Colleague: 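Take this structure first; my questions come after.
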Amino acid sequence: MATVDNKHILVIHGPNLNFLGKREPETYGRTTLADIDSGLEKLGFEMGLAVETFQSNHEGAIVDKLQEAVGRMDGIIINPAAYTHTSVAIRDALLLLDLPVIEVHLSNVKKREPFRHQSLVSDVVTGTIMGLGAMGYELALRSISAQLK
Ligand code: CA2
């Protein structure tokens with residue numbers, strides 16, 4: 001279990017990602033969200049990071065979670081899913097945070113429909129990982145760990 005000295009990392013999954021591994025495996029892979037979350041918790045433990053995970057289908061709930069992270073979290077991994085392309089509210093909430101934030105996408109959105117090519121959050125996060133499937137989350141956690149050292 002995490003100790004009081006551990007850095008705290010919040011992982012946020014946006015709408016419909018609760019269906020990961022259950023539909024559209026050709027686009028999003030066969031790994032479930034529970035697999036991703038437990039893998040991140042385990043990797044975080046090995047690196048001395050306390051990982052908290054959160055999924056919501058609601059834009060306001062994601063904004064609330066980001067606001068709660070202010071002053072409490074040391075790093076954020078976020079896949080805003082469809083809100084990536086539409087949400088000024090999530091973008092504005094990310095601007096409240098002064099900590100490493102990695103945007104992750106399972107698929108390479110640049111190879112998909114034109115409406116997915118624009119991200120409203122990419123220019124306000126530390127970095128973006130896309131197209132590497134579930135491994136993108138692990139790489140994001142490793143990157144945040146390195147940045148916090
Ligand atoms: O590639 C990604 O990670 C996305 O953020 C996933 C979003 C999509 O709107 C973005 O353009 C790219 C969609 C998440 C939906 O997840 C599903 C998972 C399984 C089955 C159906 C949807």
Side-chain angles (χ1 to χ4, degrees), residues 1-20 28-29 31-110 112-149:
M1 280 293 110
T3 71
V4 284
D5 298 316
N6 280 8
K7 301 275 189 188
H8 290 77
I9 310 302
L10 175 63
V11 182
I12 298 180
H13 307 287
N16 299 308
L17 287 166
N18 48 318
F19 268 86
L20 267 189
Y28 298 117
T31 309
T32 66
L33 197 62
D35 292 335
I36 289 174
D37 287 347
S38 62
L40 290 173
E41 285 160 13
K42 182 168 175 287
L43 179 63
F45 179 77
E46 288 164 13
M47 297 192 300
L49 302 171
V51 174
E52 176 184 336
T53 62
F54 175 77
Q55 190 275 329
S56 180
N57 296 324
H58 304 279
E59 186 176 21
I62 294 170
V63 170
D64 286 345
K65 200 72 185 172
L66 288 168
Q67 290 188 5
E68 285 167 20
V70 176
R72 247 182 25 91
M73 290 289 161
D74 301 294
I76 307 261
I77 297 170
I78 183 166
N79 182 347
Y83 289 139
T84 306
H85 318 296
T86 64
S87 180
V88 176
I90 290 175
R91 175 195 173 86
D92 287 348
L94 287 169
L95 285 167
L96 303 173
L97 298 159
D98 186 19
L99 42 103
V101 179
I102 310 290
E103 173 191 7
V104 172
H105 297 288
L106 295 148
S107 63
N108 181 347
V109 290
K110 301 290 186 191
R112 300 184 64 191
E113 306 96 317
F115 67 85
R116 294 186 203 275
H117 294 184
Q118 187 194 23
S119 165
L120 295 190
V121 306
S122 284
D123 64 319
V124 299
V125 297
T126 311
T128 301
I129 296 171
M130 67 172 76
L132 303 181
M135 184 184 279
Y137 289 92
E138 178 188 324
L139 295 172
L141 189 58
R142 289 187 186 280
S143 166
I144 288 178
S145 172
Q147 291 175 61
L148 292 178
K149 284 201 172 118

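Since we're looking at a predicted model, the values are computed, not measured.
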Colleague: Between Lys65 and Glu52, does any NZ, NE, NH1 or NH2 come within less than 4.0 Å of an OD or OE carboxylate oxygen?
Modeller: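 Result for this pair is yes, salt bridge flagged.
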
Colleague: Between Asp64 (side chain only) and Ala61 (backbone N and O only), is there a donor and an acceptor less than 3.5 Å apart?
Modeller: no

Colleague: Taking all non-hydrogen atoms of both residues, which atom of Ile129 and which atom of Gly136 are closest, and how far apart?
Modeller: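 In terms of heavy atoms, the two residues are closest at CD1-O, 3.6 Å.
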
Colleague: List the steps, then state whether side-chain contact (heavy atoms from CB on, under 4.5 Å) holds for Ile12 with Gln55.
Modeller: CA-CA 6 Å; Ile12 298 180; Gln55 190 275 329; over 6 Å; no

Colleague: Nearest 0.5 Å, what's the CG-CD1 distance between Leu40 and Ile9?
Modeller: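 It comes to 10.5 Å.
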
Colleague: Find out whether Ile78 and Val104 are in side-chain contact, i.e. whether some heavy atom of one side chain is under 4.5 Å from a heavy atom of the other.
Modeller: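 The answer is no; the side chains never approach within 4.5 Å.
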
Colleague: Would you call the rings of His85 and Phe115 parallel, tilted or perpendicular, taking 30° and 60° as the class edges?
Modeller: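 Aromatic pair His85/Phe115 classed perpendicular.
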
Colleague: Locate the shortest heavy-atom distance separating Ser119 from Thr84; write the atom from each residue and the value.
Modeller: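 Closest approach of Ser119 to Thr84: OG-CG2, 3.4 Å.
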
Colleague: Of all the heavy-atom pairs spanning Gly44 and Leu141, show the shortest one and how long it is.
Modeller: N-CD2, 3.8 Å

Colleague: For Leu97 and Leu94, what are the C-alpha separation, side-chain angles and deciding distance, and is it a side-chain contact (heavy atoms from CB on, under 4.5 Å)?
Modeller: CA-CA 6 Å; Leu97 298 159; Leu94 287 169; 4.2 Å; yes

Colleague: When rounded to the nearest 0.5 angstrom, what distance separates CG in Asp74 from CD in Gln147?
Modeller: 12.0 Å

Colleague: Measure the shortest side-chain to side-chain distance between Ile102 and Thr128 over non-hydrogen atoms and say whether it is less than 4.5 angstrom.
Modeller: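 Side chain of Ile102 against side chain of Thr128, heavy atoms only: no contact under 4.5 Å found.
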
Colleague: Locate the shortest heavy-atom distance separating Ala81 from Pro15; write the atom from each residue and the value.
Modeller: CB-O, 3.5 Å

Colleague: Can you confirm whether His117 is buried at NE2, in the sense that more than 12 heavy atoms of other residues, nucleotides or ligands lie under 6.0 Å from that atom?
Modeller: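 Atom NE2 in His117 is crowded, with more than 12 foreign heavy atoms closer than 6.0 Å.
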
Colleague: Do Leu49 and Asn6 have side-chain heavy atoms sitting under 4.5 Å apart?
Modeller: no

Colleague: To the nearest 0.5 angstrom, please state how far the NZ atom of Lys110 sits from the NE2 atom of His105.
Modeller: 9.0 Å

Colleague: Side-chain contact, heavy-atom cut-off 4.5 Å: Leu96 with Gln67?
Modeller: yes

Colleague: Where is the tightest heavy-atom contact between Asn16 and Asn57, given as atom of each residue plus distance?
Modeller: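 The pair with the smallest heavy-atom distance is N-OD1, 2.9 Å.
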
Colleague: Answer yes or no: is there a side-chain heavy-atom contact under 4.5 Å between Ser107 and Arg112?
Modeller: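 Yes, their side chains come closer than 4.5 Å.
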
Colleague: Any side-chain heavy atom of Leu99 within less than 4.5 Å of one from Val101?
Modeller: yes

Colleague: Would you find more than 12 non-hydrogen atoms of other residues, nucleotides or ligands less than 6.0 Å from Asp98 atom CG?
Modeller: no

Colleague: Is the distance between the ring centroids of Tyr137 and His13 under 6.0 Å?
Modeller: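 Ring centres of His13 and Tyr137 closer than 6.0 Å.
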
Colleague: Atom CD1 in Ile144, atom CG in Leu10: separation rounded to 0.5 Å?
Modeller: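 Those atoms lie 9.5 Å apart.
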
Colleague: Nearest 0.5 Å please: distance from the CD atom of Glu41 over to the CD1 atom of Ile36.
Modeller: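 Reported value, rounded in 0.5 Å steps: 12.0 Å.
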
Colleague: Inspect the contact between Arg72 and Glu68 and indicate whether a charged nitrogen and a carboxylate oxygen are less than 4.0 angstrom apart.
Modeller: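 Salt bridge: no.
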
Colleague: For the CE atom on Met135, are there more than 12 heavy atoms of other groups (residues, nucleotides or ligands in this structure) within a distance under 6.0 Å?
Modeller: no

Colleague: I need the Leu120 CG to Tyr83 OH distance, nearest 0.5 Å.
Modeller: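 Between atom CG of Leu120 and atom OH of Tyr83 there are 13.0 Å.
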
Colleague: Report yes if the side chains of Asn79 and Glu103 come closer than 4.5 Å at any heavy-atom pair, otherwise no.
Modeller: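 In short, these two side chains do not touch, never coming nearer than 4.5 Å.
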
Colleague: Mind checking whether Val121 and Pro80 have side chains closer than 4.5 Å, heavy atoms only?
Modeller: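 Side-chain contact under 4.5 Å: yes.
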
Colleague: Heavy atoms only: give me the nearest Ser122-Val125 pair and the separation to one decimal.
Modeller: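 Smallest heavy-atom distance, with atoms named: O-CG2, 3.4 Å.
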
